[in-house]
Structures are given as structure tokens and as C-alpha cells.
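Written out below as C-alpha cells is the structure these notes cover.
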Amino acid sequence: MADEAKAKGNAAFSAGRFEEAARHFTDAIALAPGNHVLYSNRSAALASLHRYSDALADAQRTVELKPDWAKGYSRLGAAHLGLGDAASAVAAYEKGLALDPSNEGLKAGLEDAKKAAAAPPRRGPSGPDAIGQMFQGPELWSKIASDPATRPFLEQPDFMQMLREVQRNPSRLNMYLSDPRMMQVLSLMLNIKIQRPETSGSSQSTPPPQPQQQTPPPETKAREVEPEPEPEPEQVPMDLAGEEKERKERKGAAQKEKEAGNAAYKKKDFETAIQHYTKALELDDEDISYLTNRAAVYIEMGKYDECIEDCDKAVERGRELRADFKMVSRALTRKGTALVKLAKSSKDYDIAIETFQKALTEHRNPDTLKRLNEAERGKKELEQQEYYDPKLADEEREKGNEFFKEQKYPEAIKHYTEALRRNPKDPRVYSNRAACYTKLGAMPEGLKDAEKCLELDPTFTKGYTRKGAIQFFMKDIDKAMETYQAGLKLDPNNPELLDGVRRCIEQINKANRGEISQDELQERQNKAMQDPEIQNILTDPIMRQVLTDFQENPRAAQEHLKSPEVMQKIQKLVSAGIVQMR
């Protein structure tokens, strides 16, 4: 679905229908919010519409998701350049070229940005167009959001539509000056107070002052911002300076409460920490860190439902405030942690895993990834526990035994495997399945099962019989001998183990007498040479001298054999077929 929307967007972009392209890319992003290419494409479409502020936001999201993708920095540079920020554009293009030095698009963009940075400032347009251009700057949204008087306007769709119209075409500002909200934003951007006079019998009203530049020189500032003589205003203007001062004081007090909460948290005084974070929230609801910090305390207190509630509020409020992606990711990670703590069944893990995945789309954090992996392991372990049933496992094992007797080995393996799913700790089932694999010639699988059998129960002699037989068939004669001898230590009179030792000795003697083919001998030696223990013996300087003496100095060799350690190593080489005794 996301690919289909993306393809439609690409087609519209190629045809020059940029508004349509942006809509299709928006649809694709809704379906795949972690796809960096979609944000890059929408940034290009928005830049083509001269909506550089929106293009910049998408470009920043692109490099956030994929910081090692050079094209993202090309989008970032283009947006900065469109907003007139040549220095930031140069920095963006240079970052992209550091990743892809041969990229011609980045080189051309960097050259344009450097030219723009070096060019003398140009005198902007005058009149309404000049004022309209102020709505193109990246500081527009931050100024409106930071002012208590204008902040509510951002939640009013009709006003947002007006702002976007002015951004697309600054000359259309005059169409909306009759709206008091637009006049209030204009006064904010001009840093002056504009009061609308009452209408009189005349059809003309006094126009608002139009300064030639946003920050006039000191000697002209008073003249430019002085309003025309006006009648009594309809209402007393708000004391914006006083309100802003109070807002800053509340934010400062909230930060102090947060610091006190952090200190209490470190001392594990969780109740006090909760009180401080709650007070911080009451003073300032524009910082979601107070919510995420309180959520962390709730986790420590075992109040997982309260933690989840705070995390949901933090995510919702963070979206409204356009908070840092890392902060939103942190809230989602803590929610996922609480959900894991509440999980009672394997299905309960699903929503926790989904929450961690959402957190990673916001910000790829190693801690979040670790918690996701742990949740997935926890789900798997719980699934195994839920499936555990020793009684059903025994029934499946008996079914496997019946098929084994009928020489239907694949069917037997199927039932033994189901028995192990029901009870993965039964060594008998591993032993039986190893026997099936041996009959089918699947020696590596059989060896793995025989080793698992002995790992679960080192006293299970049947496991040694299975393992030794498989090693013998694989022509690892020396290893088979070791396995059989280990089993005889537990059961010295076991006939199967004794027969296994006898067959190994016969093979070793045949090799020493030269009664096996050269190919068989070569195969045994090749297998032995892959054994680390054999490799260590052959590279041991003392053993190399012993082997030389066997060929050149028999008397010295006899002296060496008096050492039990040397004798054991020689026997190892003989069993492996490396050394033949005549």
C-alpha cells in the first residue's frame, strides 16, 4: 500500500503536479512512518511549491531516520537555501559530500549555497509584499507557538489555512488583514502593537503602519512604528510582556521541581519524586519530560498502569508540541517496559513488542532495541511454557516408538519432535530421535541429538551408545572410542558399549596392519587433522621430537614411551590413523 502511494507521488512529481505529489507521499508516510525515502520525496515536492518551512521539517526527519544517506542532506540544503539560510545550507551540503564525495547534485547545491552566502544582502520588496515575506521565515511557527496570545490559533483549521495561503503567495496577505487573528500575528512578527481603529462614516480605514525593514535603525525606529492618531480603542491591549515574564518564571520553577524529583529518584524516595514531577507538570505542561520521568518512577514502584497512562499522555502531548523524536521514543520505550511487566501470557507480549517497534521508528536507540529483543525472547519462552505438557509428550513418544518399530523413520521423527515441543527436557526422546536420524543417514543431526541427550542426563548410558555409533559411522574412530569408554565408566558391563570398543579396536588394528584402503586411511587422517587436540599434539615440539625418534632412534623412542602423558598422546595419534604401529 505504501509503495503504491509512493509510486503515485513519483508520477505526479514527474508531471509537475507538486500538490498532488505531496498528498500521495503523505498517504504513504501514514502507512510506513519509518521510511526515510518518503519524507525525502515529500520534502522535494514541498520545496517545489516554495513551502520551505515544511520542506525543512521533512528533510530533518529524513536525516534523523537515515543519517548516513547523502541525499537527505541534499534535501536539507535545498530547504535551508529556500528559506534564505545560506550558512545552514552550506553545512548541510558539506555533510552530504562527506558521505558521497562524488555526488554531482550535492556539489552543485554547495556551489549555489556558497554564492548565496557570499552575495551582499539585497533590499527586499517594499509594501505589503515585504511584510508578507516575513511569513516565509522558519521562525514563524516558533513565534506563534511561544506567544500565549497566538498559540491557540494553531489549533484553528481556518486560520492555519490562511497562514499556508500567505506562505505560498505573500501578496495575498492583504486579503486576510480584516481578520483580527492575522493582525495579531502580524504585530507579533513586526514586534509592535497594532490597534485597529473604530470604523467611521468614511469607507476607508486607517492602514496599519508598514515599516521598511523588520529591525529599523535606532534613528528611524520611533517614526516608523508610530501609529496614526486613533480614537479610543475598543479594548485595552493585553500586557504581553508581563504575561511572558510570568510564563518564564513558571518554567523556571517547573525545572527546579524536576531537579528535586531527580534527586529524590536517585535516593529511591519515589513518593517524593512523584510529588515533584506532578508539581512541575502543574507549572508547565509544555515539557513532556516531566511525564516520562514520572512514568519511570511508576515502573520502579510497580504501578505499571499509571506508567502507561503517563506515557500515552506524553506521546499525545509530544505530537501536539512537535517535541523531539527522542522524547517521544523514550515515552514509548517506557510504556513497552511496563507492558512487559504486566504480561501474563505470550499474547500479552504482542502489544509490548509493537510499542518497542514504534519507539524505534521515532529514534533508533540501543536500549530500546535491547528491550525489544528481550521481549521477543520472553514471548518465545512463555509460548514454550504454555505448550509444556509431559503427559502429551509421553503419548507422542510412544507413537514415535511404534513408527520406529515399523521402520517408518520420518513419521517417527515427526512424533518425537512434537514430544520435545511438549517436554524439551526428556533425554529419552533425543536418544530415540538420534536413532531415527542414524537409520536415515542424517549423521550430523543424529550426533547433535545424542549430545543433547547426554547434556540433559550425563548418566544415560544409551546416549553414549547412540553417540559412539554415529561417530563410528562417520569414521571418527578415535572419538567413538572415547565415547564408548566414557559410557563404560558408568556401566562397565554394558554389552553395547563393550561391542563398540571392540569394533573400534578392530578398525585401529586394520589400519595399523595396512588392511584398509589408502582412500579410507586418507579419509580418517583428514578428519583427524581437523581435530584441535590432534593439531596441538602435532605442533608440540616435544611430541615432534618423539615422532622423529620413532623413525630415527628407536632406543630413544622406547624411553619416551615410559611417560604416561606421551604414551596417551601416541595412542591418540594411533587411533586417529596418523601414526601406524608395525
Side-chain angles (χ1 to χ4, degrees), residues 33-34 64-65 250-251 253-386:
E64 174 80 20
L65 289 170
R250 290 173 66 86
K251 280 186 171 292
Q255 281 295 320
K256 289 182 180 179
E257 291 292 341
K258 176 183 176 181
E259 291 168 4
N262 293 347
Y265 178 82
K266 290 177 181 178
K267 296 177 182 178
K268 298 189 180 298
D269 185 358
F270 300 133
E271 291 291 350
T272 302
I274 291 289
Q275 293 173 9
H276 285 298
Y277 292 138
T278 302
K279 181 64 176 176
L281 279 167
E282 293 170 357
L283 291 167
D284 178 15
D285 67 344
E286 295 182 350
D287 188 337
I288 66 172
S289 70
Y290 308 143
L291 281 165
T292 56
N293 283 16
R294 192 170 69 178
V297 181
Y298 281 137
I299 289 177
E300 295 290 341
M301 298 174 73
K303 296 183 177 181
Y304 305 122
D305 290 326
E306 289 87 340
C307 168
I308 292 169
E309 184 180 353
D310 268 3
C311 290
D312 285 339
K313 289 179 181 176
V315 172
E316 182 181 357
R317 188 65 176 138
R319 303 280 190 224
E320 293 173 0
L321 296 169
R322 300 182 183 179
D324 190 334
F325 299 121
K326 293 179 182 178
M327 293 296 296
V328 175
S329 176
R330 183 179 302 167
L332 289 167
T333 299
R334 288 180 179 167
K335 177 182 178 180
T337 302
L339 288 168
V340 167
K341 297 286 188 181
L342 288 171
K344 297 293 188 298
S345 68
S346 59
K347 289 185 178 180
D348 291 340
Y349 274 92
D350 291 340
I351 187 171
I353 290 170
E354 181 184 353
T355 302
F356 286 132
Q357 290 169 340
K358 286 181 180 178
L360 288 170
T361 63
E362 296 290 337
H363 175 61
R364 195 162 184 82
N365 181 282
D367 177 64
T368 305
L369 185 59
K370 177 185 174 184
R371 292 177 186 271
L372 171 62
N373 293 335
E374 289 173 350
E376 290 173 338
R377 284 196 299 271
K379 175 181 172 64
K380 186 175 181 181
E381 290 172 2
L382 207 50
E383 282 176 337
Q384 292 176 344
Q385 292 174 19
E386 291 166 351

Fill in: Shortest non-hydrogen separation from Ala254 to Leu283 and the atoms involved
N-CD1, 3.7 Å
Discussion item. Distance check, rounded to the nearest 0.5 Å: Arg330 atom CZ versus Asp367 atom CG?
Written reply: 10.0 Å
Response to the item:
On a heavy-atom basis, the closest approach of Gly336 and Phe356 is C-CZ, 3.3 Å
Discussion item. Nearest 0.5 Å, please: how far is OH in Tyr298 from CG in Asp305?
Written reply: 11.5 Å
Discussion item. Could you check whether any side-chain heavy atom of Glu362 comes within less than 4.5 Å of a side-chain heavy atom of Val328, counting everything from C-beta outward?
Written reply: yes
Practice prompt. Write down the atom of Ala375, the atom of Ile353, and the distance for their closest heavy-atom approach.
Written response: CB-CG1, 3.9 Å
Practice prompt. Show your reasoning for whether side chain to side chain contact (heavy atoms under 4.5 Å, CB included) applies to Asn373 and Glu376.
Written response: CA-CA 5 Å; Asn373 293 335; Glu376 290 173 338; 3.8 Å; yes
Discussion item. What I'd like to find out is whether the side chain of Thr337 reaches to under 4.5 Å of the side chain of Ile299, using heavy atoms alone.
Written reply: yes
Item to complete: Determine whether the side chains of Glu282 and Tyr290 contain a donor N or O and an acceptor N or O closer than 3.5 Å.
Response: no
Item to complete: Indicate the atoms forming the closest heavy-atom contact of Ala295 with Cys307, along with that distance.
Response: O-SG, 3.5 Å
Discussion item. With a 3.5 Å distance limit and no angle check, can you tell me whether Asp348 reaches the backbone of Lys344 through a side-chain donor-acceptor pair?
Written reply: yes
Item to complete: Provide the closest heavy-atom pair for Ala264 versus Ala273 in the form atom of the first, atom of the second, distance.
Response: CB-N, 3.7 Å
Worksheet item: Any chance CD1 of Ile351 has more than 12 other-residue heavy atoms, nucleotides or ligands included, within less than 6.0 Å?
Response: no
Worksheet entry | Backbone of Phe325 reached by a side-chain donor or acceptor of Ser329 within 3.5 Å | no
Worksheet item: Rounded to the nearest 0.5 Å, how far apart are CD of Glu259 and NE2 of His276?
Response: 11.5 Å
Practice prompt. Using distance alone, with no hydrogens and no angle criterion, decide if Thr278 and Arg294 have a side-chain donor and acceptor under 3.5 Å apart.
Written response: yes
Worksheet item: Are Lys380 and Glu383 within salt-bridge range, i.e. N to O under 4.0 Å?
Response: no
Fill in: Any donor-acceptor N/O pair, Glu386 side chain to Ser346 backbone, under 3.5 Å
yes
Worksheet item: Which of these, Leu291, Asn293, Leu339, Thr355, sits in a side chain to side chain contact (heavy atoms under 4.5 Å, CB included) with Arg334?
Response: Asn293
Fill in: Heavy-atom side-chain contact between Val340 and Glu374 under 4.5 Å
no
Worksheet entry | Arg317 CZ: over 12 foreign heavy atoms closer than 6.0 Å | yes
Worksheet item: Can we say Glu354 and Lys358 salt-bridge, meaning some charged N sits less than 4.0 Å from an Asp/Glu carboxylate O?
Response: yes
Discussion item. Are more than 12 heavy atoms, taken from residues, nucleotides or ligands other than Glu320, located less than 6.0 Å from that residue's CD atom?
Written reply: yes
Discussion item. I need the Leu342 CG to Ile308 CD1 distance, nearest 0.5 Å.
Written reply: 5.0 Å
Worksheet item: Is any NZ, NE, NH1 or NH2 atom of the basic residue among Lys251 and Glu286 found under 4.0 Å from an Asp or Glu carboxylate oxygen of the other?
Response: yes
Fill in: Beyond-backbone contact of Glu271 with Val297, side-chain heavy atoms, under 4.5 angstrom
no
Fill in: Close side-chain approach of Leu360 to Leu369, heavy-atom, < 4.5 Å
yes
Response to the item:
Scanning both residues in full, the closest heavy-atom pair of Thr292 with Ala314 reads CG2-CB, 4.0 Å
Discussion item. So, taking the atom named CG in Asn365 and the one named NZ in Lys370, what distance separates them when rounded to the nearest 0.5 Å?
Written reply: 11.5 Å
Worksheet entry | Rounded distance (nearest 0.5 Å) linking atom CG of Asp324 with atom NE2 of His363 | 8.5 Å
Worksheet item: With a 4.5 Å limit on heavy-atom distance, are the side chains of Ser289 and Lys258 in contact?
Response: yes
Practice prompt. Indicate yes or no: at least one non-hydrogen side-chain atom of Asp350 is less than 4.5 angstrom from one of Lys379.
Written response: yes
